[in-house]
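Taking it in order: structure first as C-alpha cells, then the write-up.
Sequence lines set the chain letters: A, B, ... in the order given, protein chains first and strands last, and positions in each chain run from 1.
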2 protein chains.
Amino acid sequence: MSLRYALLALLTVEPMTGYDLYKEFESSVGHVWHAPDSQIYPELRRMEKDGLLEGEEISWGQRGKKRQYHITEAGVEAFRTWMKGTLDYARVRDPAHLKAAYLEWAEPEAARQQMLAHIRHHTELLQQWHDKVREIEEGGSPMLNRRLAKIPPEQRRKTAAFKKFTYEGLIARAEQEIAWANRGLALIDELYAEPEATDLGKS
Amino acid sequence: MSLRYALLALLTVEPMTGYDLYKEFESSVGHVWHAPDSQIYPELRRMEKDGLLEGEEISWGQRGKKRQYHITEAGVEAFRTWMKGTLDYARVRDPAHLKAAYLEWAEPEAARQQMLAHIRHHTELLQQWHDKVREIEEGGSPMLNRRLAKIPPEQRRKTAAFKKFTYEGLIARAEQEIAWANRGLALIDELYAEPEATDLGKS
DNA sequence: CGGCACTAACTATGGACATAGATAGTGGAT
DNA sequence: ATCCACTATCTATGTCCATAGTTAGTGCCG
C-alpha cells in the first residue's frame, strides 16, 4: 500500500506522467522506496479510478501522447490521512541475518565472502545516501527545490529538515550493518584461527 | 526463496512436522524469518517433490495423523549450496522512512506519534532478541541444544557463536532505529518550538 | 535517411506473502 | 459428558512485486 502514498507524495509537488514518476523512483524516491514501471502504471490507473488522481492526455511531438496525472483534493486528503495514522510494521524477514545464523555450515572463505558482500552492498547504499544529503544541504535537489518553491517560506525549514533526517537514518543504519559485518569478519578469523597455540597446549 | 532454506536449517537438527516447524517459526526462527503455516505446509510439499525432504505419516492418538519430514542428502546439499552462494539484496522499501521524509505533512503531535511507534516497535524486538541472546549464553535454548548435541564438540563453539552474532546484529540495528527516532523527536521539538523568542525579534 | 538511445505506456506470468477460514482429531478440566 | 484449547493440515483469495517482454513515437547524430 505504500507505493500509492509514495506516488501521492511526489504528485503533491506537480503533475507528472507515469514515466516521470518512474524516473523519479529510479533516482530520488527510489532510494527509500523502489518500484518498477510495471507496478507504477497500473497503480496510477487504480488511483485515478479511486478519485485520488486525475489524468489528462497530453500530446508530445507530432503523434506522441502521454498521460499526465495531477492530484485531486481527495488525493491530498488520503495522503494526509496516511500521514496521520500509524504504520503496521512488517514481520522480520531478513535473508542476510538468516544466513548469518548458520554460517558454521559455510567454509570460512565463503563465510568471509558473505560478510564482504554485506559490506559492499551497504557501502554502495551509504554512498548514494551521503550524496543525497549533500545535495539537500547544497540545495541541489531539483525535486526538493520545486517542492520548496511551492510552499510558504516558513514551511521550508521543516520540509528540508525531514528529508535530511530520513537520509541520515538510512546512513546510520547502513553504517551499523557495515560495523556488524566487520565484527563478523573478526569473529570468523577468531573461530577459524590457526590452532597451533591451542594444539601445543593440548599435546 | 529463503523460506525453503530456513526450513532446511531447522530440519538439519531433526525430523519435524509442518506444525512443529510452524511453532518454531513463531518462537525462535521467527525472530529472524517469519512465515505463516499457510506458507509452510505447501512449501514442504514442494520441497518433498523436489527431493529435498521425505515425509512420513505418523499416527497420533487413536485416529490422528501427522506428517513428519526429514531432510535428504539432496536437501543437505541444497542447503550447503545456498550457504556457499551470495544473496541478492532486495531493493530498499521502507515505509517508516518513506513516511519520515514527509513528516511536514503531519501535525506535530502525529509526527511525534510516528516516532514513538517506531521506538515502541523496535523496543519490543530488542526485548525479544535480548532474551534470545541470554538464552543462548545460558544454554537454555532447546532447539540450539539439540543442534549442539548432534554435532562434534569442536564445532559447537562456532555454531553458538554465529547464533549469538546474528542476534547481536539485530540488537544493534534495533538500537540504531530507536536512536534515530529519538533524534526525530528532538527535531520535531526544535522545529515546532514555541516561536516567542523569534517573534520578539521580528516585532 | 537510417540507426539508436530515449521517452512513453502497457501486458503477462509467476512467486511470495497476508489474511481468513475450513476441517478434524486430542486431551485435559469442569 | 461436554467444552475448550491445542495440535494438525490445508485451501482460497488477493496484493505486491520481480522479471521479462511488447509496441510505438521522438529526436539527434553521422
Exercise. Picking from D/dT9, D/dA18, D/dG25, which would you name as closest to the side chain of B/Tyr41?
Worked result: D/dT9

Problem set entry | A/Ile188 and B/Phe162, any side-chain heavy atoms less than 4.5 Å apart | yes

Exercise. Does A/Arg67 put a side-chain nitrogen or oxygen below 4.0 Å from OP1 or OP2 of C/dA8?
Worked result: no

Problem set entry | Toward the 5' end of DNA chain D, by each residue's nearest nucleotide, A/Met1 or A/Ser38 | A/Met1

Exercise. In whole angstrom, what separates B/Phe25's CZ from D/dA8's C1'?
Worked result: 17 Å

For this session: Looking only at side-chain atoms of A/Lys66, point me to the closest of C/dC17, C/dA8, D/dG21.
Result: C/dA8

Exercise. Between D/dT23 atom P and A/Arg63 atom CZ, what is the distance in whole Å?
Worked result: 18 Å

Problem set entry | Rounded interatomic separation in angstrom, taking CD1 from B/Ile58 and C1' from C/dG25 | 16 Å

Problem set entry | Length of the CZ-P vector between B/Arg93 and D/dT15, whole Å | 17 Å

For this session: Answer yes or no: does atom CD of A/Glu175 have more than 12 heavy-atom neighbours from other residues, nucleotides or ligands under 6.0 Å?
Result: yes

Seminar exercise, completed: Result for 5'-nearest mapping on DNA chain C, choosing between B/Ser2 and A/Asp88, is B/Ser2

For this session: Send over the distance from A/Arg91 CZ to C/dC17 P, rounded to a whole Å.
Result: 13 Å

Exercise. Does D/dT7 have OP1 or OP2 sitting under 4.0 Å from an N or O in the side chain of B/Lys23?
Worked result: yes

Exercise. Roughly, in whole Å, what's the span from OH in B/Tyr89 to P in D/dC17?
Worked result: 21 Å

Exercise. Which nucleotide, D/dA8, D/dT26, D/dC16, lies nearest any side-chain atom of B/Tyr19?
Worked result: D/dA8

For this session: Check the distance between D/dA20's P and A/Asp37's CG and give it to me in whole angstrom.
Result: 13 Å

Problem set entry | Nucleotide of D/dT9, D/dA18, D/dT7 approaching B/Thr17 most closely (side-chain heavy atoms) | D/dT9

Exercise. Is A/His34 reaching over with its side chain to a backbone N or O of A/Gly30, donor-acceptor style, under 3.5 angstrom?
Worked result: no

For this session: For the side chain of B/His34, starting at C-beta, report the closest nucleotide among D/dT11, C/dA18, D/dT26.
Result: C/dA18

Exercise. Start at the 5' end of DNA chain D and walk down; is the nucleotide closest to B/Gln68 or to A/Gln62 reached first?
Worked result: B/Gln68

Seminar exercise, completed: Rounded to whole Å, the CG-P distance (B/Leu21 to D/dT9) equals 9 Å

Problem set entry | Phosphate-side-chain proximity, A/Gln39 and D/dC16, N/O vs OP1/OP2 below 4.0 Å | no

For this session: When you get a sec, tell me which of C/dA8, C/dT26, D/dC6 is the closest nucleotide to the side chain of A/Asp20?
Result: C/dA8

Problem set entry | Sidechain-backbone polar pair: B/Ser59 side chain, B/Lys65 backbone, donor-acceptor under 3.5 Å | no

Exercise. Quick one: are A/Trp105 and B/Trp82 in side-chain contact, heavy atoms under 4.5 Å?
Worked result: no

